[in-house]
Amino acid sequence: MRWSRIYLYTTREIPADAEVVSHQLMARAGMIRKLAAGIYTYLPLGWRSIKKMMEIVRREMDAAGAVELSMPAIQPAELWQETERWEVFGDLLLRMKDRNERDFCFGPTHEEVITDFVRRDVRSYRQLPFNLYQIQTKFRDEIRPRFGLMRAREFLMKDAYSFHTSEESLAETYEAMRQAYCRVFEDCRLEYTMVEAASGAIGGSGSHEFMVLAETGEDAVVACSNGDYAANTEKAETGGLEPPPAEEPIEMREESTPGATTVAEVTELLGVGPEKLVKTMLYDTDVEPVAVLVRGDREVNEVKLASYLGVNHLQLAGEEKVERFTGAPVGFAGPVALSESVRLIGDESARPLVNFVCGANKADAHYVGVNWDRDVKVGEWADLLLVGAGDPCPRCDGTLELSRGIEVGHIFMLGAKYSKAMECFYSDEKGELHPMEMGCYGLGIGRTVAAAVEQNHDENGIIWPVPLAPFEVLVMSLNPQDDEVRRTADDIYDQLVAEGVDVFYDDRDERPGVKFKDADLIGIPIRVAVGAKSLAEGKVELSLRRDREKHLVAPAEAAARVGDLLAELGA
RNA sequence: CGGGGCGUAGCUCAGCCGGGUAGAGCGCACGGUUCGGGACCGUGAGGCCGGAGGUUCAAAUCCUCUCGCCCCGACCA
């Protein structure tokens, strides 16, 4: 492909709304352009990288026994009402009506659609298991789209769904998918990690996320320094915090703490450490108000809390509600003699505390010397802790480290959640009906490509890993008005094309400086520069985008040497 | 949805506080000089100042409403 023929315009300016480097560089390199919030055009250069990503995914899905199909993007409301997700998804669903006023949505995922047609076709255990996938445009009306392709509203995703007669069979396919995902991200040359994940609104038992590690990642992940545990912080557990030293219970008494509404202020005033405090967090849920007790120096994990309570929505109670439940302004809530209408749940982090401090449910006062059972009874204890760096590993004696990642893949063992709700049954050998066991496996195409840019760039532009590069080789004529230069560059380009090399040719009538800058920006891994200077000595220049080290070779050898370099890069 | 910010040339932005001829850089067109890391000189085109209403002799500028975009938060198969 020649630059003069492709539609490609780079820019020096960073678009005003591009915040993260992948968005900035892909926009500047003429790969993507925003049409509306979270909605992007993939320009020819960007589309080439996207297509490469899709081919890698197809190859691995096919190899793992999945079969490709394509389902509708527009889906009728009735299916979503069967699983109650028409309500659960809320505003995330882009809803629309057809001319007959029937409700539809633009599919954000396809569990309902696939379960619907599978239940029409599949009757017998003999037809199971199978695994179907598609690569398709999805739409989720995110509250806050951002970061270019990393968090778009309209996006490309590979989603696969498997159907089984048993959990064992599901586990087998789940494992095959897990390995296929690892191969995909390895094929892309990305630094990634697999973590245990919270399964969220989609439901199900087991779930893993694939995270590409990057500073700009929106998810926090923890990993044990010994490598035997990694999880999304939304779900991560700890090995249990160090218990406080044993003490004899002392008498509970009230202390005046005027204006001390934060843990820091209370501990300062009373001269105790924050780990001696019990923080009482009041939450509003769809069902009932809840008070969560957590050690003063720690935070509540709201995802764990929502999943423990089995609710979809939950938020910290507002000032008014806090006053209504505790009879005190925000900052003085405590479990002692708290309103009966509030469900009291203790986090395990607070359980071992003795003689602790907590709010007195009245303004400007805290209790000290509080003890469980004697002073306050907690009916429920649960793990609701947000893990932090340095916490003990739940699997070994290592400690947990925090890092950030971009969620590029997520696989779930759904179990029978959808098959039950939608009556997707099969009959077994005895003719008895059972709901099918299901798995689903998502992988963000555009997001992975953006993640690759996050991980592979420098101050001059993108440094594509070969598998995702829009082209593998760039030939540039530095002085196209010079006949010999142009002829030599043409020859090398033609030769590479003839050899089937994935080559791009900057044949534009531009100054060398412009071409070098553009070459760095679009980040094609191998560069062949043909210019009057080196050609006078009978040479052209080969270099890698990654190290920019120049190698002079005779024009006649250029194509062969490019082949060597490609082989070295494992293309 | 709550808090904050921004909509002015194709792009990035000044001008707005304190109302009075609409600007810069980049890009684009033309001419010339250049030609190995985003050249230089000259000339030029290009704007309903997001939209609607209001105040005023006069509005990019002040007021009201509205639409869009961005940031922080809540949310996220």
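Every chain is numbered from 1, with letters handed out A, B, ... down the list of sequences.
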- prompt: If you measure from the C1' atom in B/A59 to the same atom in B/C76, how many Å do you get, rounded?
  reply: 44 Å
- prompt: Can you tell me how far C1' of B/C76 sits from CE of A/M157, to the nearest Å?
  reply: 13 Å
task: Round to a whole Å and report the spacing from CE of A/M476 to C1' of B/G36.
output: 9 Å
- prompt: Given the rule in the ring pair (Phe, Tyr, Trp, His ring centres under 6.0 Å) test, do A/F117 and A/H110 qualify, once you have shown the distances and angles that lead to the verdict?
  reply: CA-CA 11 Å; A/F117 75 75; A/H110 280 70; 9.9 Å; no
- prompt: To the nearest Å, how far apart are A/F147 CZ and B/C76 C1'?
  reply: 13 Å
message: Just by distance, no angles: are the side chains of A/S162 and A/Y441 close enough, under 3.5 Å, to form a donor-acceptor pair?
response: yes
Report, one pair per line, the protein and nucleotides 26-31 of chain B atoms (nitrogen or oxygen only) whose separation is under 3.5 Å.
residue, atom, partner, partner atom, Å
B/C26, O3', A/R12, NH2, 3.2
B/G27, OP1, A/R12, NH2, 3.2

- request: Could you tell me if the ring centre of A/H164 sits under 6.0 Å from that of A/Y174?
  value: no
task: Taking atom P in both B/C17 and B/U64, compute the distance separating them and give it to the nearest angstrom.
output: 15 Å
message: Tell me the interatomic distance from A/F155, atom CZ, to B/C76, atom P, rounded to whole angstroms.
response: 15 Å
Please table the atom pairs, donor to acceptor, closer than 3.5 Å between any side-chain atom in residues 521-531 of chain A and protein atoms at least two apart or in another chain.
residue, atom, partner, partner atom, Å
A/R527, NE, A/S543, OG, 3.3

message: Categorize A/D518 for me: base, sugar-phosphate, or nothing, with a 4.0 angstrom heavy-atom threshold over every strand shown.
response: base
task: Select base, sugar-phosphate, or nothing to describe what A/E112 touches, counting heavy atoms under 4.0 Å on all strands.
output: nothing
- request: To the nearest Å, give me how far apart NZ (A/K235) and P (B/C76) are.
  value: 17 Å
field: From B/G36, B/U12, B/C71, nucleotide with atom closest to A/R146 side chain
entry: B/C71
query: A/K550 side chain N/O closer than 4.0 Å to the phosphate oxygens (OP1, OP2) of B/G36?
result: no
- prompt: Which label fits B/U21, syn or anti, where anti is any glycosidic angle not within 90° of 0?
  reply: syn
query: To the nearest Å, how far apart are A/R153 CZ and B/C69 C1'?
result: 11 Å
field: Of the listed nucleotides B/A39, B/C70, B/C71, the one nearest the side chain of A/R144
entry: B/C71
task: Report the base-pairing partner of B/C6 (Watson-Crick or G-U wobble, both distances below 3.5 angstrom), or none.
output: B/G68
- prompt: Between atom CD1 of A/I135 and atom NZ of A/K138, what is the distance when rounded to the nearest 0.5 Å?
  reply: 10.0 Å
task: Kindly indicate whether the side chain of A/F106, heavy atoms from C-beta on, has any atom under 4.5 Å from the side chain of A/I74.
output: yes
- request: Look at all strands and tell whether A/I14 reaches a base, only sugar-phosphate, or nothing, counting heavy atoms closer than 4.0 Å.
  value: sugar-phosphate
Selection from B/G36, B/C35, B/G38 that lies nearest to any side-chain heavy atom of A/V514: B/G38
Residue A/R151, side-chain heavy atoms: nucleotide from B/C75, B/G36, B/G38 that is nearest: B/C75
field: Nucleotide of B/G38, B/U12, B/C75 approaching A/P15 most closely (side-chain heavy atoms)
entry: B/U12
message: Any base atoms under 4.0 Å from A/R508, or only sugar-phosphate, or nothing? Heavy atoms, all strands.
response: nothing
message: The side chain of A/A37 is closest to which nucleotide in this list: B/C69, B/G38, B/C75?
response: B/C69
query: With a non-hydrogen cut-off below 4.0 angstrom, is A/E218 in contact with a base, only sugar-phosphate, or nothing?
result: nothing
- request: Please determine, for B/C28, whether a Watson-Crick or G-U wobble partner exists with both distances under 3.5 Å, and give it or none.
  value: B/G44
Derivation of the side-chain hydrogen bond (donor to acceptor under 3.5 Å, both in side chains) call for A/N131 and A/T173: CA-CA 8 Å; A/N131 187 3; A/T173 297; 5.7 Å; no
message: Nearest to the side chain of A/E142, heavy atoms from C-beta on, is which of B/C76, B/G38, B/G36?
response: B/C76
field: Nucleotide of B/C76, B/U34, B/C71 approaching A/R511 most closely (side-chain heavy atoms)
entry: B/U34
field: Nearest-neighbour nucleotide for the A/A16 side chain, B/C69, B/A74, B/C13 considered
entry: B/C13
task: Using the C1' atom as the reference point in each nucleotide, state the distance between B/U12 and B/C70 in Å, no decimals.
output: 15 Å
task: Taking the side chain as every heavy atom from C-beta outward, state whether A/V20 and A/E215 have any atom pair closer than 4.5 Å.
output: no
message: Tell me the interatomic distance from A/Q481, atom CD, to B/U33, atom C1', rounded to whole angstroms.
response: 14 Å
task: Would you please classify the geometry between the A/Y7 ring and the A/Y9 ring as parallel, tilted or perpendicular, with 30° and 60° separating the classes?
output: perpendicular
- prompt: Please give, in whole Å, the distance from B/C75 P to A/L93 CG?
  reply: 18 Å
